[in-house]
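Reviewing the structure listed below.
In this text the structure is predicted, and so the values were computed from the model without any measurement. In what follows, every chain begins at residue 1, and chains take the letters A, B, ... in the order their sequences are listed.
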Amino acid sequence: MYLYLPVALTSINALMPMGLGFAVGLLSGLFGVGGGFLMTPLLIMMGIPATVAAATDSNQIVAASTSGTYAHWKLGNVDFKMGLYLLAGSLLGGGLGVQLIKVLKAMGNADFVIQITYVVMLGGVGGYMFCESLAQLRKGKGEQADAPAPARDSGMKKFLASLPLQTEFSRSGVTHSSLIPLLLGAFVGVLAAIMGVGGGFLMVPVMVYMLRMPMHAVVGTSLFLVLFTCIEVTFLQAYTNHTVDFILAVLLLVGSVIGAQIGTIFGRKLKGDQLKILLAVIVLAVTVKIVFDLTLTPDLLLSQGGGH
Amino acid sequence: MSYDMTQTNIFRGLAGMVLPLLLLLPLPAGAEVAQDAREPLTVKLTTTVNHDHLYIDAFYHGGTVSVRGESEPGTDLIIKISAAEGDVSLKRKGKVGGLLWMNVGDLHFSQVPGLYLLKSSKNIAEMMKPEEAERHVLGYDALGRHLVVEPAATESEKEEIVGQFIQFQEQHNLYAQQTGEIEFADENGKRIYRTVFAWPFQAKPGDYAVDVYEVKDGQVVAAAQSAVKVEQAGTVKYLAGLARNNGAIYGIFSIIVALVSGFGAGAIFRKQGGAH
């Protein structure tokens, strides 16, 4: 069944965005990522203009992450306190990142910086997670896989413990200075704004490796964060750029809210390290695809602007 | 359009009418035609468009537009459907550091028809000289020279970019050029032509001109014009209007629908799943 999209100004087979929504919703429920890094390019391949694809995807993520946050909250996986600190940090970072983009654009090499940041971050994060979780799986045989990894650098640990405003995050079972999640949130916010993505795939490893939170709490808390970021982005896109396509968003979210629920159910059956290694594989696959796009000669040397 | 005829303007005023339109347009002053007195035209060129008013509703997936009319025997025909000209900006990809393909700058195209569908009874290059084709912007070669590109350093660079641009538009079904797709039939001693255009759903709402050119001895000897109107209707019109004119309400509405669906799915699964 074909439906016409009033903002994208194109017609689409309704089953395609529903199926795509379901697949990306599964990833949300499993890994706590919004999935924009997969969804937006696939929508563009379906003939949706780049600006509409990115804006509508954020509207869809609001639904998927609500569904996922709700499911994880029922399982006790959402650390609201940690989430709010990270959120405050990432909002600050996002504002900073937007300014940084303006400076880069004025210097004329924004696209280069964006692309390189994207490849390096995806490749780095994916590679590290892959190696680390593979080693854990081999070593631990899974018995304690969901427990936080022991801190290796005791000097670093002492320094972190000496910072003021030490706070206990009981849901995650960790104690940090309140400044740490604020700073890390800002760091992710800056990068996410530069790359034009929600930042879930960056937030997850930050919470796992730097905040030392258990993987299941990471997924739930990350979804909670993604929800707020995407509400903000959806509103701004609809208000300033008029690029949110309601019909397309509904088609996507019909699939994604169901996918997020099913993803959460699957996630419960997997161990933390298994989840990490799966996410790492997906992130690495996307990295490889981007590297191919960058190095193979394109068919056409023209493209629509506004992908970021 | 390259004709500066008052009829054209009158015609555009009529474009909104649902009735199939019929218009006869002799060439201005008929300068070239009159001098070539060997064979004066006895039959005037006519054109009618069926399905000339397309409504974009929720299930719209493009359509067909058929063009027919009467033409002088022994002439060739070119039928062109085009949209008003505008500007387009695209990113240009290039190699950075000899290795990576990236966007290296913006290209600005002007005098760009948003839609350009052309059918000719014969190859245009065989019909007329390039100058004549350019005068009426007939065919990709003429269109390519008509388009303005900035920045383009040299003529050959422009040619390459324009070729890419036409390919880009073809990929979106907005540009097409076909030869020999026009049927001719004899009805009561009149020579009737007819053809059907597949109307792309990518074509935006707006007014489109259907121009028919009669070609003889390398010259355009007569032209007729008709129109197609594409308009949004129903839900599509309502949502597009809301998105454009009431962005804040539209955005909040979209967010609420997303939140409610997310919670709704959660509630349904909780009832069904149950097993914690």
Side-chain angles (χ1 to χ4, degrees), chain A residues 1-7 9-11 47 59-71 74-75 111-112 115 227 230-231 234-247 249-250 253-254 257-258 260-262 265 293-305 307, chain B residues 56-62 89-94 96 99-107 160-161 164-165 167-168 171-172 201-202 204-205 232 235-244 247-248 250-255 257-270 273 276:
Chain A
M1 184 181 69
Y2 284 98
L3 284 180
Y4 190 79
L5 310 174
V7 173
L9 297 178
T10 188
S11 167
N59 188 11
Q60 175 277 131
I61 296 174
V62 171
S65 57
T66 304
S67 176
T69 306
Y70 187 75
K74 288 276 156 212
L75 300 172
D111 281 316
F112 185 79
Q115 295 271 24
L227 169 60
C230 285
I231 285 178
T234 304
F235 181 77
L236 289 178
Q237 293 278 20
Y239 184 63
T240 52
N241 298 331
H242 315 288
T243 42
V244 175
D245 194 296
F246 181 73
I247 300 287
V250 168
L253 69 82
V254 164
V257 293
I258 298 168
Q261 292 289 332
I262 294 174
I265 295 168
D293 284 349
L294 283 174
T295 47
L296 297 179
T297 308
D299 295 338
L300 266 188
L301 297 178
L302 296 175
S303 68
Q304 282 172 333
Chain B
I56 299 181
D57 59 12
F59 301 103
Y60 177 76
H61 190 60
S89 284
L90 291 175
K91 299 262 179 207
R92 182 189 201 179
K93 284 186 190 150
V96 176
L99 182 68
L100 302 176
W101 287 97
M102 292 189 178
N103 294 329
V104 288
D106 293 322
L107 284 170
E160 195 196 323
I161 294 171
Q164 293 256 327
F165 178 72
Q167 233 179 307
F168 181 84
Q171 281 183 359
H172 294 86
F201 58 78
Q202 290 93 341
K204 297 194 161 75
Q232 293 180 331
T235 347
V236 171
K237 188 178 180 182
Y238 175 74
L239 285 173
L242 193 65
R244 202 172 37 242
Y250 180 86
I252 291 168
F253 176 66
S254 304
I255 291 165
V257 168
L259 287 171
V260 169
S261 336
F263 275 117
I268 290 166
F269 268 77
R270 206 179 136 219
H276 278 286

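At a 4.5 Å heavy-atom cutoff, the contact between B:Asp57 and chain A is made by backbone atoms alone. In this structure, no portion of B:Tyr238 lies under 4.5 Å from any heavy atom of chain A. Interface residue B:Arg92: backbone and side-chain heavy atoms are both found under 4.5 Å from chain A. Only the side chain of B:Leu107 comes within contact range of chain A, with at least one heavy atom under 4.5 Å from a heavy atom of that chain. Both the backbone and the side chain of A:Tyr239 come within contact range of chain B, each with at least one heavy atom under 4.5 Å from a heavy atom of that chain. Looking at B:Ile56, only its side chain comes within 4.5 Å of chain A, counting heavy atoms on both sides. Within the 4.5 angstrom heavy-atom criterion, atoms from both the backbone and the side chain of A:Val244 approach chain B.
Note on A:Thr234, A:Leu5, A:Thr297, A:Leu253: by heavy-atom pairs under 4.5 Å with chain B, the leading option is A:Thr297. Counting heavy-atom pairs closer than 4.5 Å to chain B, the top residue among A:Thr10, A:Leu300, A:Val257 is A:Leu300. Of the listed residues B:Gly62, B:Ser254, B:Gly251, B:Ala240, the one with more heavy-atom pairs under 4.5 angstrom with chain A than any other is B:Ser254.
Atom OG of A:Ser303 and atom NZ of B:Lys91 lie 7.5 Å apart (nearest 0.5 Å). Once rounded to the nearest 0.5 Å, the distance linking CZ of B:Phe59 with OG1 of B:Thr235 reads 8.0 Å. Between atom CG of residue A:Leu301 and atom CZ of residue B:Phe165 there is a gap of 14.5 Å, rounded to the nearest 0.5 Å.
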>> Working note: B:Gln232 + A:Leu9, criterion side chain to side chain contact (heavy atoms under 4.5 Å, CB included); need CA distance, chi angles, decisive distance, verdict.
In response: CA-CA 10 Å; B:Gln232 293 180 331; A:Leu9 297 178; 3.5 Å; yes
>> Please determine whether side chain to side chain contact (heavy atoms under 4.5 Å, CB included) holds for the pair B:Val104 and B:Val96, giving the CA-CA distance in whole Å, both sets of side-chain angles, and the decisive distance to 0.1 Å.
In response: CA-CA 8 Å; B:Val104 288; B:Val96 176; 3.9 Å; yes
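No side-chain heavy atom of A:Phe235 sits less than 4.5 Å from a side-chain heavy atom of A:Ile231. At least one side-chain heavy atom of A:Leu227 sits less than 4.5 Å from a side-chain heavy atom of A:Val62.
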